[in-house]
Amino acid sequence: MSDLLASLTDAQRQAVEHVEGPLLILAGPGSGKTRVITHRIAWMLRQGIRPESILALTFTNKAAEEMKTRVADLAPGQQVWLSTFHRFCSRLLRQYAEHVGLEANFAIYDTSDSRSLLKQAIAALKLEDGRFTSDQIAGGISWAKNSLISAENYKPRPGHPLGAVVAHVYPLYQARLLKANAVDFDDLLLHMALLLRENPELRGRLDLRYRYIMVDEYQDTNLAQYTIVRGLSIDQPNLAVTGDPDQSIYGWRGANLSNILDFEKDYPHVRVVRLEQNYRSTKSILRAAAQLIGNNVRRKAKGLFTDNAEGSPVRLVRHASQQTEAEAIAARIAAEVRAGRRRPRDFAIFYRTNALSRVIEYVLRDMAIPYQMVNGVEFYQRKEIKDVLSYLAVLNNPRNEVAVLRVINTPARAIGKTTIERLQEFAADRKCSLLDAARQSGVVPGISGRAAVAVAKFVALIDRLMLLTVRPVEEVLFHVLTESGYEDFLRASQAEEDQERLANIQELLSAARQFDERNPGVGHLEEFLEETALVNDTDDWETSSDRVTLMTLHASKGLEFPVVFIVAVEEGVLPHERSKESPDQLEEERRLLFVGITRAREELQLSYARQREFRGRRGWVVPSHFLFELPREEMTLEDECGGAHQPTEVADEASQISADGTDEFPVWSDSGDRPRPSDEEAATTFEAPLQSPDNSPATVTGVANLTTAAELAMPTSSAFAVSGRDEFRVGGIVRHAEFGLGKIVALSGGGSRRCATVAFASHAGQRTFVLANAPLQAIRSG
DNA sequence: TGTGAGTTGATTTTT
DNA sequence: TCAACTCACA
């Protein structure tokens, strides 16, 4: 019994042992929050609480998975319901679908599906006010849904033009979703919340069923999520939430900071536990973070402290340009790795917007420093994957109009735009689904004989495939690929891109196979579709691979790294230009920097450039005012704008800048000769690529001899592997287990989806493989 | 049905 | 700057 508690601190133990009644765990960064949650679940199970009565909700699949694993270690064999909000709602909604006008087999539209439906709705309305993009309208609808405003109840604010448009579009969009028996992401929460609100009897039953509820990252809940959680814990208020108001960075997506700030009002007898001891960062990093966040008003003050070492001072560096900023960081990383002090995986580089990653990528690639970017093109968003999955979606839910539209002429089967429009009109007239209209193509007005035949063939194809839906998913998928002609269509193509698509489809087949293995038995198509809709594959970011990590500040939440660089800490970037309108938004930007800073375990460097290219324009930069809020007197301040080497130039620039009053250098140090690895030093000590099996001298590159912009701009295929297995390069010789020796002619894709096209010496010709799966061995790099 | 010039509009994005 | 989208044309 006590072994569970033995490893915990006093505060952690208090949280774990508090089982009955509401509990608010205010968990600072690095305070062992996940540990508390998992131990608390294990503790409850040890107390004899039935696993079915425990529900733990997270925001991300990653968090849910991690907790599942850790709970399984602490309490083997006990199944508690631990999932994301969306998954939980989806499962429950399938049981009570008819209450909200759906059928149990409803489809889940991802962002691009719902966007395409929205565009149709907008087009159908022939709006006069064309001022707003579909994205803006989608934002308006999403905001309404997150605020629990249904289509019927939406009232635009007077004098709010976007609101007026949303008021028009939202009802039609929602009607079409229902007609297609589909929901968007927001609907999963909205339907669930309304279901609970409008069915007291059902609410009471579910409240009783989930007697113990835990919510992670409570500061990120929106009104819909709040309502769901609240609805399930009125009679049984054993609700434990964890969160940190200081790490709320999704306000722009509807997260409501008041949910956590006012928790004590909702549950007056709440027990509040503060986890203030940080086990992650050094004292100097934590002080910087604490002082920064102290400037926020909307928060619950915490006294963050750590017993960790003082550590080296936080570095604040000014660079001449974004180019030199990137180069200096790369050189520093290279030097550390060369010296054997660090591995590439120890480093992370954070930025406010994705556009900022480009320069960094170029430089890292040029220096052959292995890196990986989190959030590349998502696998399930690729055209070929969406196409094939749409077939499955139609089979599972024939009313799914977006999916039908996607596959009806993919691959091309001579069903043109006009034919489709006629079918849509007919379906609207008869109030039937698009597929039902297609079934009667012979009698649809305006459809020629030839088109009617093509449509009939398509319907026959779907009907034939429909008979297979109880088979294992891989098998269904296989039949879809062969009988639809999709596979042949790609095979026949000469385009290299299409060969890569084939490889991706292979990948999908193997994902289906793995799913079938996990879910033996028949008829799991719907669950497979749900998984592909709700699980995004950026989860495959591997900590195991030895690479520098690049990501946005948002993406960094929940992670930690020994050394962190945060770039472009500049006015207009961080805080972002668009966040300056309201104090709340500005505070959120400050929290974003706080989150970034607190990811660092041992070393932290913030930097900015004096000039930055932005949308093709070069402009002077004003350092972020957040920098002035840091404890600068205890930090290392470096100026890398040229310093002692070009005194005149610096003087010129300085006078030029102070003239327009934009440059009060917050980091100025009187002498530039503080010991630090200079660029030259780094360039000379760094002589070979970090992760190359050979010692080819051709890859030697340093800051001193950076290649031209044109070369840097070369497509990834001609440079080093961006984020794949670095032993594979264009021109390299490989051996394939089956086809023998070949030469790599192209590389594409990234991460675990990285593909190589290989020309074989044997009769095998040219083939494309997913590197992660292919039995390929590098013999000699290019 | 696919290509190519021209236009436009550019945060963050757990699901 | 650049990529995504539209619209006209073959």
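Keep in mind that the numbers below use all heavy atoms, side chains included, and drop hydrogens, waters and symmetry copies. Quick caveat: nothing in here was measured; it's all calculated off a predicted structure. Proteins get letters first, then strands, A, B, ... in listed order; numbering begins at 1 in each.
Counting heavy atoms from C-beta outward, A:F458 and A:N409 have side chains that stay 4.5 Å or more apart.
Each side-chain hydrogen bond (donor to acceptor under 3.5 Å, both in side chains) pair with one or both residues in residues 245-258 of chain A, not counting sequence neighbours, appears once here: A:D244-A:Q247, A:D246-A:R299, A:D246-A:K302, A:Q247-A:R599, A:W252-A:H554, A:N256-A:S258, A:S258-A:R298.
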Output a table of nitrogen or oxygen pairs between the protein and nucleotides 6-11 of chain B separated by less than 3.5 Å.
from   : atom 1 : to     : atom 2 : distance (Å)
B:dT11 : O4'    : A:H576 : NE2    : 3.2

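Glycosidic torsion of B:dT11 falls within 90° of 0, placing the base in syn.
For A:N105 (side chain) and A:N396 (main-chain N/O), a donor-acceptor pair under 3.5 Å exists by modelled atom type.
If you measure from atom NZ of A:K383 to atom C1' of B:dT1, you get 12 Å, rounded to the nearest angstrom. Distance CZ (A:F88) to C1' (B:dT14): 18 Å, rounded to an integer number of Å. Distance CD (A:E588) to P (B:dT13): 13 Å, rounded to an integer number of Å. When the C1' atom of B:dT12 is taken as reference, atom CE of A:M373 falls 14 Å away, rounded to whole Å. As a whole-Å value, the separation of A:I249 CD1 from B:dT12 C1' is 8 Å. Across the protein-nucleic acid pair, A:K145 atom NZ and B:dT13 atom P stand 22 Å apart, rounded to whole Å. What separates CE of A:M551 from C1' of B:dT14 is a distance of 14 Å, to the nearest Å. Atom P of nucleotide B:dT1 and atom CZ of A:F489 are separated by 12 Å, given to the nearest angstrom.
With C1' as the reference atom, B:dT14 and C:dA3 are 26 Å apart, rounded to whole Å. Using atom P as the reference point in both C:dC5 and B:dT12, the two lie 15 Å apart (nearest Å). Taking the C1' atom of each, C:dT6 and B:dT11 are spaced 25 Å apart, rounded to whole Å.
Residue A:T111 has no polar side-chain atom (N or O) positioned under 4.0 Å from OP1 or OP2 of B:dT15.
Residues passing the side-chain hydrogen bond (donor to acceptor under 3.5 Å, both in side chains) test with A:E570, sequence neighbours excluded: A:R612. Evaluation of the ring pair (Phe, Tyr, Trp, His ring centres under 6.0 Å) rule for A:W143 yields no partner, not counting sequence neighbours. Annotation: salt bridge (charged side-chain N to carboxylate O under 4.0 Å, His left out) contacts of A:R578 (sequence neighbours excluded): none.
Comparing A:R413 and A:A355 by the nucleotide of DNA chain B whose heavy atom lies nearest to each, the residue mapping closer to the 5' end is A:R413. DNA chain B is contacted by both A:I415 and A:H554; A:I415 maps to the nucleotide lying nearer its 5′ end (nearest heavy atom per residue).
At the heavy-atom level, A:Y250 lies under 4.0 Å from base atoms of the strands shown. Within 4.0 Å (heavy atoms only), A:R591 reaches no atom of the nucleic acid at all. Using a 4.0 Å heavy-atom criterion, one finds that A:D220 contacts the bases of the nucleic acid, with or without backbone contacts as well.
The residue from A:I249, A:I566, A:T552, A:I597 that alone fulfils the side chain to side chain contact (heavy atoms under 4.5 Å, CB included) condition with A:L592 is A:I249.
Comparing B:dT15, B:dT13, B:dT14 against the side chain of A:T552 picks out B:dT13 as the nearest.
Bounding nucleotides for the chain A contact on DNA chain C, 5' to 3', at a heavy-atom distance below 4.0 Å, are C:dT1 to C:dC2.
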**Item:** Step-by-step side chain to side chain donor-acceptor pair (under 3.5 Å) determination, A:D110 to A:Y380
**Value:** CA-CA 10 Å; A:D110 67 17; A:Y380 290 113; over 6 Å; no
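Ion pairing of A:D387 with A:R501 is absent here, as no side-chain N (NZ or NE/NH1/NH2) approaches a carboxylate O to less than 4.0 Å.
Note that CG of A:D186 is 10.5 Å distant from CG of A:L177, once rounded to the nearest 0.5 Å.
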